Structure formats: C-alpha cells, structure tokens
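Below, chain A is the first sequence line, B the second, and so on; all start at residue 1. Because the structure is a prediction, the values reported are computed rather than measured.
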Amino acid sequence: MNEDLLLATLDEDQRRAVTHGEGPLLVLAGAGSGKTRVLTTRIAWLLATGRARSHEILAVTFTNKAAREMAERVEALLGNALRGGFVGTFHRFALQLLRRHPHEAGLPERFAVYDADDQKGLLQQVLKSLGVAEPELPLKVVRARVSAAKNALLSPEKLASAARNSRDERIAHIYKAYQQRLAAAGAVDFDDMLYLAVALLEQQDALRRGLAERFRWLLVDEYQDTNLAQARLVRLLGGPHPNLTVVGDEDQSIYRWRGAEVENILRFEEAYPRATVVTLGRNYRSAEPILRAAAALIAHNSRRRPKQLSSQAGAGVPVAVFQAADENDEARFVVDELAGVFPGTVAVLYRTNAQSRPFEAELVRRSVPYVVVGGTRFWERAEVKDALAYLRLVVAPDDELAFRRAIRVPARGVGEVAMDHLSRAAAQWGVSLPQAARRCPPALAPRARIALSEFFALIDGVAAETTAAAAVRRLLDGSGLLDQYSVDDEEDRARRANLDQLLAAAAEAGERGLDLAGFLDEVALLSDADTSAAGATVVLSTLHAAKGLEFDTVFLVGLEEGLLPLTRSGDEADAEEERRLAYVGMTRARRRLYLTWASLRRLYGQQAETRPSRFLHELPPHLLDDRSPLQGRDSFRTHLHRPTSDAARPAAAQAAERWHRPAAATPSQTVAHPPGGAGPRRSDPNGWRPGMKVRHPTFGHGVVLQVQGTAAQVRLVVFFDRAGRKVLIPSLAKLERV
DNA sequence: GCTTGCGGTATTTTT
DNA sequence: TACCGCAAGC
C-alpha cells in the first residue's frame, strides 16, 4: 500500500504519530482514539517508506491476543506478513531470548517454564522446608512479595539489604531458597523471564549491541502497564535515544497491584529527554454523554496529564443511572433492559467475579445466552495440567514439580513414603528428584519400583514420538489419564473432552510447525488468550478483563462505596486506580451506558446497607438520566456524600463536583442501533457462521457464538446448553450442524 | 491414597 | 454464604 493511501483515513493527530521519524515518540492515546490503528499503520508506514526493513521491527504487547491482532492488521495493510520482525508479548520475547542463550543466562539447555500454579506449589514446599509457620507469612503474601521483587529487578541479596525488619529479611531468605529450588529443577517462573532477560543483556554487552543494531525500530503497546523490568528491557534494547514508539494512556492503568508503574509513562520525557509527544484527542467510540461523563470522572485523579477527548461518535442519549433494592433487583433491571436493546453487543461489567452470580441466574431464568469471561480457563483445568505435567517432564527431565504431579495421577502406589525416599536419594546422589526416581533407589518398596519403571517407560515412549500430537496421543493411551473418568458423569465427560481438546491443540500446533517443546512453550505463554467472546452475545466480565474491548451497550454495576471503589486498607493511589477502573468500564460503551447500584447487598453471607459510590457523585448530573423507581426520595443524589479528603483532591475535581440539577425532563429512551448491525461478525469460507446450531458428541447442543481465524485454522467459540462456552477446532472436533 | 469435615477467608490476574 | 486447603480417619 502506498504512503498516501495509508494516511488517507487518519486524522491529524494520528497522522503526526504515524509519520514521526527517528527518535523517541510518546503517543498518548485516550480511550477509543485509534491506538492500535496508529501503531499498526506506523509499522506499515515505516516499511512502505523504506525507513525500516521488516526484520528491524520489534513490537511488543502484553497479550497474545493484542500481538495477533497487531500482526494481522499490519499484514492487511502491507499485503504480506511481516518477515523476520518480532511482534509478540514481552514474555515471549524474553523467553525466546533465553531459549537462544540459555548458558549465558545461567540456565540449563532445556529449562522448564513454571506458571503461577507451579510457582505457588514450589513456594509452598520452600515454606515447608524452611519451617515457616503460616500465620505471619501466608503463601499469598510471600508470592506477591517475591514477584514484586523480580518485577522491580531486585535479587534476593538486594531485597535482603533493603529489608527494614525481620519479616522483610525472612521474605528475602525465602526468595533466595525459592530461587535455589528453581535452579535445581531447571526452571524459570514468569517473572524470571523478564528478570533474566534484563540480566542477560546487562551482562552480555555484545549480545545487547547485536540486538540493538538489529531491532532498530521499537514499538511498545499499553506502556502505562509496564513494570520496571519491562521498561529496563526496552531501555537496554534501545539506549538513550532510540527509535522507540510507546503508546498508552495513564487513565487506563489498572495493574498497579501487579507491578505496573504509571510513572513509566508519566515520566517518559525524563527518561527520554528529546522525546516527541503526540496526543490523540479524538474518540471514535463513545457517544458524547458517555465520553463527557467518563472525562468528568477521571478528572478527579491527580496523577495524570490533564487532557481533552472530543467525541466523534455522535450525540446519543444520557447515561442511565439505576438504584436497585438489592443485587437481585439489580440483575432483574439489567436483564429487562438488555432484552430491549438487542441486536447489538452487550456487556455487564463488575468489579469482582462474585458479582456475576445474580446476573447469571437471571439470564438463565430468562433463557438469554451469555458468556462469562474468565472463570476456570482451559489451560488451568486440573485434567489438562495433569497431562501437561507428563509432557513437561518429557521435555525437561529435571522438572521436579512436573514429576510430582504426574506421578500422583492416576494413583499408582507411589505415595508420601516413596517420595521421602526419593528426596533423600536425590540429595545423596546430587541429582534432581526425577533423575533419582529413574534410578529406582533400592530402599523403595517393590510396588513403587515397578510403578516407577513403568512410569518412565511411558515417559520415554512419549519422548520417542516425533510430533506433539503423536506424543499427546501416546500419553493419553498409555497413562490411564482418560480412564480415571467415567462415561456417565457429566463432569467427567467434560474432562475427557478437555483432554481431547488438548490433543486437538497439539495437532494444530504441529500444523504450524511446532514440536512438543515449542507447543509447551506456547501453552505456557498462552493461557487462554483466544477465548474472549467480544461481539458475540451478552458478555459478563470483570472490569479488568474488559479492557481493550467495546460494546454497544454497557452496564457498569455495583457502584457502591467499598465495592467500586473497592476498599481494603486503601491508600490514595489505590483510590485513583479504582477510579481508572470505573473509567475503563464506562469508556467500553459505544451507544448506551447504564450505571447501577444496590442499596442492600449480600456480601459474605451478610446483607448490608450500602452507600452509592463516590464516583456517581463525581458525574455531572445533566449527563445522567435517573431511572430509579424511588427517584428524588432515596436516589443517590439525596445520599449524603462524605468525601474522604476534599482538600487533598485536585481543584478540577472539586469544581466538577459543583453540580447543578438538570433542567429538562427525562429524554425519551429510544435505543440507537449502530448502522448495519454490530460487532465483528465474521463468517468463514467453510460456512461456519455465528448463530449456527451445532451438536458435539460430548457437549451436546450448542450455538456458534464466534468464528475466529480462517480456512484451516478456524476456531469456533460455541456456547453449549449444558457445558457452557468452549473453543473448538471444527476440523478436529466432531461437530455436526443441526 | 482417598474421603470427609472443619475452620479460615473473602479483589482485580495481560504473562 | 461459599469455597478452598488442610488434617484426621478410613
């Protein structure tokens, strides 16, 4: 595509960002301002104008989904794929780097990757072996602290020297022991990937320079969510004056609790003094009242750059506010309203997962199909993880955790006693636990010895297979993993089906040229990135999971003090993050936005009276349409607003609080539909279309919600009456049309 | 090694 | 209220 054509449909700000030349560039991209468009067009523009060659492009995102979308859109613009460049997540980049240079990074050739569960499991063992009694140092706290340390690039030693009290010292001590255990198992956890990649580049200057010369153009998406390690990685790759484009919006930073540093984007110009800054000021998503209300809300935050977004999406209707009696009443109202709003995409967004229940109950009662985003993910299901443990042991022969898990299921008579023998033997011989098990120490009971030799015969058999799919099939046939589950029980059938899905996924990975090790790496990094069902039907989602999505109609529910904003001990920074969360929720809406709260809410079994969220009070009333039945008497405006600390709040916020009552009567409630139907309703050359009814041998009857990918790689998101949402590959799953 | 019952706990979770 | 993790008992 030529240059003019590329730029033709961009607005002025977008064009400035896209056509920036060399040197650092910060693109402040407000909600709905065409962020991804700018990023992808910029890559295409750099290539089309000959400024960059494709192998010089390094584009990083946070999710696989975002990476895939970026790659696809660049490909669409260019007419061919980006060859030799890198488009992927931070973690994928880091892992790739470590895989290419394991020894320089101090890792064994075939190191394993531990996910969050493994990390917890190993830490648990460390706590036990150090004799740490739970109450003072619960696993969760330790895990969070260790993770935070790595994200902040602190080694165990550095953490120890920064310790302020004995508790900190003990955490540093546990951290150190944990790292030793990881090393012994030949494994890295998620946080290590970034940490070790940074360490690698800091120590190997020749390698760093080589990468810097190769990847001359760096682009980073969602920069507001980067942590210290990620920012450092970017810095190492680019140096002080890089051709670096970062795109982000501090108002949408919602991962502080995971180490994200808003300061990275707020102080970008300090880190890169000659940076150019472009602000994308036009919002193409939300109708005017929605955008104005959201802007008024976020103006109450102080740690941000003041900005103005103008709506390009039309006038629309006011934001509806509804006070429900309790959470069931809230659900009833929402489902009533959304029934009248079809067609068009609808989302119900809430702060905590627990809030989905009443909505699910009501949707089921009224037979409205819906999808819950999140829930137990495919790759986190016990049966899938059991099978993966075997496969991991095939690829990484020292992986202790994988061995412990695999040997346990199905039960084969190797229990606690045998494991104690094995641990001792491993220590004595100076080998890993699985290696010790392979040698079958003579102290073991005969039953355990037989079990172990059969177990390793299976592992070796699986290892001898040449493709990932063959390996998985061999495993399923030889391990008895399938036989644990009955054919009558509904749950068990779902488990069997999930193992079939694993086989399908391995086959599909094989088609893309991945071997077993490659498949496992992908799985480790993937964790369900494919299954967002945006654009399908009614979506129930947490605010976090809704980021980056958009819907014609959004119900933001549970706007109560303590719930949104959610408070625990809550410092001011937390309060600002809660406000950003509400902001993200509101700006997901295209045409209609509803804000609801319940004056009584059952929480932890106790029904308690609530107060409306301060966020409701922060919205200009003339943009709102109060639909509450008790209007005027008990509506949120009559509730005494008790601001936490007015003096500490920015002037803009206080100004915005001086609201005046709306003069006009309530506008009519006509619902606007986007022209030509809504959403990414893709069909597929093989004839799969959303809405199609299908039957699956295990899951029964269902409806196709979404068609992803094309031709041979089609995946269908199907909602089954009994089994809920599943992602299937139709060429492998035995799907029938009905 | 598997089941049962008790008590403690209760966000958000891109990889 | 509901679930999870753990310990005791089969």
A:A231 to A:N264 - nearest heavy-atom pair and separation
CB-ND2, 3.7 Å

Taking all non-hydrogen atoms of both residues, which atom of A:L297 and which atom of A:R579 are closest, and how far apart?
O-CD, 3.2 Å

How should the glycosidic conformation of B:dT11 be described, syn or anti, under the criterion that syn lies within 90° of 0?
syn

For A:Y255, check side chain to side chain donor-acceptor pair (under 3.5 Å) against everything at least two apart and list the hits.
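Applying side chain to side chain donor-acceptor pair (under 3.5 Å) to A:Y255 gives none.
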
Taking the same atom, P, in C:dC4 and in B:dT13, what whole-Å distance lies between them?
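Straight-line distance between the two P atoms is 16 Å.
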
Can you tell me, in whole Å, how much space there is between the P of B:dT12 and that of C:dG5?
15 Å

Would you please name every residue forming a salt bridge (charged side-chain N to carboxylate O under 4.0 Å, His left out) with A:R412, sequence neighbours left out?
none

Using salt bridge (charged side-chain N to carboxylate O under 4.0 Å, His left out) as the criterion, list what pairs up with A:E261, not counting sequence neighbours.
none

List in chain and number order the residues that pass ring-ring contact (aromatic ring centres under 6.0 Å, His included) with [X], two or more places apart in sequence or in another chain; answer none if no residue qualifies.
| X | result |
| --- | --- |
| A:F90 | A:F62 |
| A:F268 | A:Y223, A:Y272 |
| A:Y350 | none |

Quickly work out the [X] [atom1] to [N] [atom2] distance and round it to whole Å.
| X | N | atom1 | atom2 | answer |
| --- | --- | --- | --- | --- |
| A:Q355 | B:dT12 | CD | C1' | 11 Å |
| A:F190 | B:dT13 | CZ | C1' | 11 Å |
| A:L127 | C:dC6 | CG | P | 11 Å |
| A:D117 | B:dT13 | CG | P | 15 Å |
| A:H91 | B:dT15 | NE2 | C1' | 4 Å |
| A:R143 | B:dT12 | CZ | C1' | 13 Å |
| A:R601 | C:dA2 | CZ | C1' | 17 Å |
| A:K120 | C:dG5 | NZ | C1' | 10 Å |

Touch class at under 4.0 angstrom, heavy-atom based, for [X] against every strand present:
| X | result |
| --- | --- |
| A:V60 | nothing |
| A:Y255 | base |
| A:D191 | nothing |

Donor-acceptor pair present, A:R92 side chain and B:dT15 base, under 3.5 Å
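There is none.
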
Could you pick out which residue, A:K547 or A:V414, lies toward the 5' side of DNA chain B when each is mapped onto its nearest nucleotide?
A:V414

Can A:E360 and A:Y370 be said to form a side chain to side chain donor-acceptor pair (under 3.5 Å), step by step?
CA-CA 8 Å; A:E360 291 192 65; A:Y370 67 94; 2.8 Å; yes

Measure all distances between protein nitrogen or oxygen atoms and nitrogen or oxygen atoms of nucleotides 8-11 of chain B, and list the pairs falling under 3.5 Å.
residue	atom	partner	partner atom	Å
B:dT11	O4	A:R568	NE	2.7
B:dT11	O4	A:R568	NH1	2.4

Show which side-chain atoms of residues 139-146 of chain A pair as donor or acceptor with protein atoms under 3.5 Å away, not counting sequence neighbours.
residue	atom	partner	partner atom	Å
A:R143	NH1	A:Q119	OE1	3.4
A:R145	NH2	A:D168	OD1	3.2

Could you pull out the protein-nucleic contacts involving nucleotides 7-10 of chain C (nitrogen or oxygen on both sides, under 3.5 Å)?
none

